Student: 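Here it is, the structure, as structure tokens.
First the proteins, then the strands, lettered A, B, ... as listed; each starts at 1. Predicted, not measured: the structure shown is a model, and the values here were computed from it. Note: hydrogens, waters and symmetry copies are ignored here, and every other heavy atom, side chains too, is used.
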2 protein chains.
Amino acid sequence: MAQRKSPFRLCSAPAPRPRDAEQTRAEILRAARLLFATRGYANAGMREIARAAGITPALVVRYFGSKRDLFLAAIETDIGLAPFLGPDRATVGRHIARYFFSKPLRDADTLSILLHAAGDPEVRDLATELLNARVIQPLARWLGPPRAEARAALLLAIISGTWLFRQALPMRAFAGGPDAALASCLAAQIQHVVDGLPEP
Amino acid sequence: MAQRKSPFRLCSAPAPRPRDAEQTRAEILRAARLLFATRGYANAGMREIARAAGITPALVVRYFGSKRDLFLAAIETDIGLAPFLGPDRATVGRHIARYFFSKPLRDADTLSILLHAAGDPEVRDLATELLNARVIQPLARWLGPPRAEARAALLLAIISGTWLFRQALPMRAFAGGPDAALASCLAAQIQHVVDGLPEP
DNA sequence: GTTTTTTGTAAACGCCTGTTGACTTCTACC
DNA sequence: GGTAGAAGTCAACAGGCGTTTACAAAAAAC
């Protein structure tokens, strides 16, 4: 049975979204970011992304060229670390800790996308470079000497470790909501790195 | 040209390994552990594992049933954390930090296999459970109150974060060999969790 | 020495993936 | 109102995956 589309549509046929290239592109990107962040690159299929965006896989390719290019577009957003890097260095540990212990962590976070790309040979190097350029280096500049880059990497490692057991391998101990004691300990550790490392 | 096999073999024909089921099984397990640890579950193919073990993919299935069962067998080994959990609580932070900053980290480490399984829907829950049972719980028992499980999870998160940027997403700052300052800071942080968390 | 069991290989199967090309359908312009 | 082009769908392709089946060869049992 042929379905009439317009202007007198049958009720059983779901209303097709008005054709708007810009909005469709944005919708694809939104779906891709969400799925890349929650399932990882390899496990987020083009068909699944297309279905989440309400369109066809072929259209995803037409808009973004390939899956890898879609991934590139998906991580072309700010990592969202800038708000923490203000002049107030004394409380930044607490702010970062609270942000990364907030529940739930923003699903389509760029950091989640990049961390979930670990171990995927197709995008691993890309994620590594981007984490270096977008997180480590700005963080290192903000931290300043001594050992700015090493301290920045260590700070990101602490943040990523907590992310790992809240999002990727959800542990019972981390699942019970924001634990004040955990958060404060995390804050202290971050602050410790911010203030500088002890000499060996 | 037919190749003679035995007892007078031509030099050009590589010597086939003598048929030894037990050794073949061990060889498969060794190859699987190495590839699961370095490439992750999804990206370690049966053909690749079989090739690394010097046999045929069909034989891997005959020995272990399926890829998932092979993974189960691959993680059925000690995590290697026990040596650190001795009576000397004052220096455990330093020992653990030195171990996880040692270069290179053991490739086929069970911890690497489990952490690399993050985000893979096929084995993620399994890895989570095993990390709980084999790492968090023993660690929590050893740490003792207060908040034993939360502190154990936080400790594992710190260790895993450094693992992430040394193995999975190799960062330049972590690649330059054991950094004494980094290691000592890591040791201090671990020790801090071992000694107990500050009250909020 | 023959037969049976174990140990291994080769080729294929069904499924899923990213991607492509041919084809509709809606929209905007002349 | 007719038409060019954008927006979207559909079915198929090539390739990789884990797995299976059929078969060969070595070792062991009789």
Student: Phosphate oxygens OP1/OP2 of D/dG8: is one of them under 4.0 Å from a side-chain N or O of A/Thr24?
Tutor: yes

Student: If I take atom CD in residue B/Glu22 and atom C1' in nucleotide C/dT7, what distance separates them, rounded to the nearest angstrom?
Tutor: 14 Å

Student: Out of D/dA6, D/dG18, C/dT9, which nucleotide sits closest to the side chain of B/Thr56?
Tutor: C/dT9

Student: When you get a sec, tell me which of D/dC10, D/dA7, D/dT19 is the closest nucleotide to the side chain of B/Arg47?
Tutor: D/dT19

Student: Give the rounded distance in Å between these two atoms: CZ of B/Arg51 and C1' of C/dA10.
Tutor: 16 Å

Student: As a test of reading the structure: which of C/dT19, C/dT9, C/dG8 is closest to the side chain of B/Arg62, going by heavy atoms?
Tutor: C/dG8

Student: Would you kindly give the CD1-to-P distance between B/Ile55 and D/dG18, to the nearest whole Å?
Tutor: 14 Å

Student: To the nearest Å, give me how far apart CG (B/Leu35) and C1' (D/dC17) are.
Tutor: 15 Å

Student: Do A/Arg33 and A/Phe71 form a cation-pi contact, if we require the NZ or CZ to be under 6.0 Å from the six-membered ring centre and within 45 degrees of the ring's axis?
Tutor: no

Student: Tell me which of B/Ala21 and A/Pro57 sits closer to the 5' end of DNA chain C, going by the nucleotide each one is nearest to.
Tutor: B/Ala21

Student: Using only side-chain N and O atoms of B/Tyr63, determine if any of them is under 4.0 Å from OP1 or OP2 of C/dG8.
Tutor: yes

Student: Select base, sugar-phosphate, or nothing to describe what A/Ala44 touches, counting heavy atoms under 4.0 Å on all strands.
Tutor: sugar-phosphate

Student: Between P on D/dC17 and CD1 on B/Ile49, what's the gap in Å once rounded to a whole number?
Tutor: 11 Å

Student: Just compare C/dT19, C/dC26, D/dT9 and give me whichever is closest to any side-chain atom of A/Val61.
Tutor: C/dT19

Student: Whole angstrom is fine here: how far is it from CE in B/Met46 over to P in D/dC17?
Tutor: 12 Å

Student: Taking all non-hydrogen atoms of both residues, which atom of A/Asp120 and which atom of B/Asn43 are closest, and how far apart?
Tutor: CA-OD1, 4.0 Å

Student: Compare all side-chain heavy atoms of B/Ser184 with those of B/Arg94 and state whether any distance is below 4.5 angstrom.
Tutor: no

Student: Choosing from C/dT9, D/dC10, C/dT19, which nucleotide comes nearest the side chain of A/Ala58?
Tutor: D/dC10

Student: Kindly indicate whether the side chain of A/Val92, heavy atoms from C-beta on, has any atom under 4.5 Å from the side chain of A/Trp142.
Tutor: yes

Student: Parallel, tilted or perpendicular, judged at 30° and 60°: which one describes the rings of B/Phe36 and B/Tyr41?
Tutor: parallel

Student: Between C/dT7 atom C1' and B/Glu27 atom CD, what is the distance in whole Å?
Tutor: 16 Å

Student: Name the closest nucleotide to the A/Arg19 side chain, picking from C/dT19, D/dG8, D/dT19.
Tutor: D/dG8

Student: Taking CZ from A/Phe64 and P from C/dT20, how many angstroms apart are they, rounded to a whole number?
Tutor: 16 Å

